[in-house]
A.B. asks: 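Below is one structure. I have some questions about it.
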Amino acid sequence: MASANVLLLPEPGSGHLMSLIEAGKRLLAHGGDGLTVTVLIVRPATPESASEVDSHVRRVAASASGLGIRFHHLPAVDPPTDCAGNLQEFKSRYMQLHAPHVRVAVAELGAAALVIDFFATAVIDVAHEFAVPTYVYFTSTAALLALTLRLPALAVDSDASDDGAVEVPGMPPVPAGSVPGFLGDKESPNYAWFVYHGRRFMDADGIIINTVDALEPGLLAAIAGGQCVPGRRAPPLYPIGPVIDHAVEASNEPCVRWLDAQPRASVVFLCFGSLGWFDRAKAHEVAAGLERSGHRFLWTLRGPPAAGSRHPTDANLDELLPEGFLERTEGRGLVWPTRAPQKEILAHAAVGCFVTHCGWNSTLESMWHGVPLVPWPLYAEQHLNAFELVSVVGVAVAMEVDRERDNFVEAAELERALRRVMCGGSEEEGAMAREKAMKMKAACRRAVEEGGSSHAALQRLRHAIRSGTTTCNGAAPPKETTS
Ligand SMILES: O=c1ccn([C@@H]2O[C@H](COP(=O)(O)OP(=O)(O)O[C@H]3O[C@H](CO)[C@@H](O)[C@H](O)[C@H]3O)[C@@H](O)[C@H]2O)c(=O)[nH]1
């Protein structure tokens, strides 16, 4: 059987890039049904992101060399300069600007299928020129996918209720405070781009999603059953998650070794993704909440980005923490001022709960290890994820996060949530979250085994790629950016 090359086009943010590369590794597993995978690397717009991407790619290239995954660097493109503050617009336009280079890559490398990041839907037209089937890779929840598919209809005919709650098929109404910021303002270019992406998803030959049947059954059924786009069925869905790197490496990082000395399920772990950082006021509240809760903790604390950057800096603990905090909590707490080996930490038996920004990769990593969550959403779609984790999945204990005050959380609120999620079993909400987290751990692990739902979805996907049919529909991107 001749091999069929699958081109992957990730958006270069690490939460997206790593996930799509991991999905590529899954495609190639168990012989890969004669597929080969080439990852088209988009040069990130800032030097620090570029060095992060380079180091990811080097690491993956070394560890996946046996699988035959290849990397192809696309030529650099000047990033758009007129969408300051509009991250989703920026990512969408940046990916759109790469379309000519993707065209060259498809022509030169050949492609049995193109798997694109959800910010790259403008590139679907290139695939159609070559009659190459296109699959969207959705790195987030079925809830966000359902909302995005629903968006073109909502944009014209809002069905938000008086209190601003939004109806999403397959889940309870999403309160206004949990709607992602970029979908809350119809005038914003971010909104226009998501309306466009929602439309374009319907033009794809399939949507691969990093979730698990057992985790979002109602939402996946609603999408597959055509409840999101009136009168039209969504393309076939492939829930192949959790697409996370399951390998846990022995880590000699002192923060992991520190955990070795802590009792089982006794440590509160706090970490806030690639871009989460805290100023002094927020850090003081966290410190007070942790101190008053009496629990052990491992806190990844990052400081404000340098001017012109979005990436957090290593924290200056003298500046950010209250005086005497480190001395008072010595022995029961550790503040880690730089990027932490999160996967290894969540896998450690000493970790009892995870205070997280609810990035979807972090959330899946936590569920993979059965660790209950305390959501502290900060940016992107994280408020929606937090709502779903508390109100639908049930693996998390909620905190009051004040969006009007830049997602501020009072110390007393953190203390209350930690007591609930960590206590020995009496607090009903915490006990349920802990139990549900263990159930989700079992469900996630079952899903990726032979005969499991994600394993089966992956096989269906390989088969669909090998059989190579395409639907070839079309839609124009938001007007102001077509030039
Ligand atoms: O100190 C750290 C911080 C992060 N990580 C890892 O970095 C990844 C972070 O991914 P994620 O939790 O998804 O957060 P973001 O990087 O912020 O991801 C972006 O992409 C996700 C997938 O679309 C969205 O859910 C998020 O909201 C969006 O911000 C995870 O694998 C973490 O284990 C570490 O290892 N150490």
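Only a predicted model underlies this, so the values are computations on that prediction, with no experimental measurement involved. Numbering of ligands and ligand atoms starts at 1, following listing order.
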A.B. asks: Compute the shortest N/O to N/O distance between A340 and ligand 1 and return yes if it is under 3.5 Å, no if not.
C.D. replies: yes
A.B. asks: Do me a favour and list the nearest non-hydrogen protein atom to atom 13 (O) of ligand 1 with residue, atom name and distance?
C.D. replies: N361 ND2, 2.8 Å
A.B. asks: Can you confirm, on distance only, whether ligand 1 has an N/O atom lying under 3.5 Å from any N/O atom belonging to T139?
C.D. replies: yes
A.B. asks: Between Q382 and ligand 1, which residue portion shows a heavy-atom distance shorter than 4.0 Å: side chain, backbone, both, or neither?
C.D. replies: side chain
A.B. asks: Return the residue, atom name and 0.1 Å-rounded distance of the protein heavy atom closest to atom 5 (N) of ligand 1.
C.D. replies: R339 NH2, 3.4 Å
A.B. asks: Test your reading of the structure: does E365 have an N or O sitting under 3.5 Å from an N or O of ligand 1?
C.D. replies: yes
A.B. asks: Should you measure from each heavy atom of W360, which atoms of ligand 1 turn up under 4.0 Å away?
C.D. replies: 13 (O), 24 (C), 25 (O)
A.B. asks: Run the salt bridge (charged side-chain N to carboxylate O under 4.0 Å, His left out) check on K343 and E365 step by step: do they pass?
C.D. replies: CA-CA 7 Å; K343 227 165 24 99; E365 287 164 6; over 6 Å; no
A.B. asks: For Y379, which part has a heavy atom under 4.0 Å from ligand 1: side chain, backbone, both, or neither?
C.D. replies: side chain
A.B. asks: Got a protein heavy atom sitting under 4.0 Å from atom 8 (C) of ligand 1?
C.D. replies: no
A.B. asks: Identify the protein heavy atom lying closest to atom 15 (P) of ligand 1, giving its residue, its atom name and the separation to 0.1 Å.
C.D. replies: S274 OG, 3.7 Å
A.B. asks: Indicate the ring-plane relationship of H246 and W368, choosing parallel, tilted or perpendicular according to the 30° and 60° boundaries.
C.D. replies: parallel
A.B. asks: Can you tell me the protein heavy atom closest to atom 18 (O) of ligand 1 and the distance?
C.D. replies: G15 CA, 3.9 Å
A.B. asks: Name the option, out of H16, H383, E11, that contains the heavy atom nearest to atom 19 (C) of ligand 1.
C.D. replies: H16
A.B. asks: Take the angle between the ring planes of H197 and F201 and call it parallel below 30°, perpendicular above 60°, tilted in between.
C.D. replies: parallel
A.B. asks: Should the proximity of H357 to ligand 1, defined as any heavy atom under 4.0 Å, be assigned to the side chain, the backbone, both, or neither?
C.D. replies: side chain
A.B. asks: I need the atoms of ligand 1 closer than 4.0 Å to a non-hydrogen atom of E381, numbered in the order shown.
C.D. replies: 24 (C), 25 (O), 26 (C), 27 (O)
A.B. asks: Provide the closest heavy-atom pair for V179 versus R403 in the form atom of the first, atom of the second, distance.
C.D. replies: O-NH1, 3.0 Å
A.B. asks: Check the pair R59, D245 against salt bridge (charged side-chain N to carboxylate O under 4.0 Å, His left out), reporting the backbone distance first and the verdict last.
C.D. replies: CA-CA 12 Å; R59 218 178 40 241; D245 185 359; over 6 Å; no
A.B. asks: Please work out, at 4.0 Å between heavy atoms, whether the side chain, the backbone, both, or neither of S362 comes within that distance of ligand 1.
C.D. replies: both
A.B. asks: Taking atom OG of S366 and atom CG of N361, what is their separation to the nearest 0.5 Å?
C.D. replies: 12.5 Å
A.B. asks: Can you check whether T300 has an N/O within less than 3.5 Å of an N/O in ligand 1?
C.D. replies: no
A.B. asks: For N385 and C358, indicate whether the former's side chain and the latter's backbone hold a donor-acceptor pair under 3.5 Å.
C.D. replies: yes
A.B. asks: Got a donor-acceptor contact below 3.5 angstrom from the D402 side chain to the F408 backbone?
C.D. replies: no
A.B. asks: Give me the residue, atom name and distance of the protein heavy atom closest to atom 32 (C) of ligand 1.
C.D. replies: Q342 NE2, 3.3 Å
A.B. asks: Considering only heavy atoms of C271, which atoms of ligand 1 have at least one such atom less than 4.0 Å away?
C.D. replies: 1 (O), 2 (C), 3 (C)
A.B. asks: Counting the benzene-type ring for Trp, do H16 and F118 have ring centres under 6.0 Å apart?
C.D. replies: yes
A.B. asks: Looking at A398 and A417, what are the two nearest heavy atoms and their distance?
C.D. replies: O-CB, 4.1 Å
A.B. asks: Could you walk me through whether R200 and D203 pass salt bridge (charged side-chain N to carboxylate O under 4.0 Å, His left out), step by step?
C.D. replies: CA-CA 5 Å; R200 297 287 354 229; D203 301 336; 2.8 Å; yes
A.B. asks: Report yes or no: does S391 contribute a side-chain atom to a donor-acceptor pair with the main-chain N or O of E388 at less than 3.5 Å?
C.D. replies: no
A.B. asks: Checking a contact table here: which protein heavy atom is nearest atom 3 (C) of ligand 1, and how many Å away?
C.D. replies: G273 O, 3.6 Å
A.B. asks: Indicate, as side chain, backbone, both or neither, the part of M18 found under 4.0 angstrom from ligand 1 when only non-hydrogen atoms are considered.
C.D. replies: neither
A.B. asks: Under 6.0 Å between ring centres, would you say that holds for F182 and F194?
C.D. replies: yes
A.B. asks: With heavy atoms only and a cut-off of under 4.0 Å, state how S19 meets ligand 1: side chain, backbone, both or neither.
C.D. replies: neither
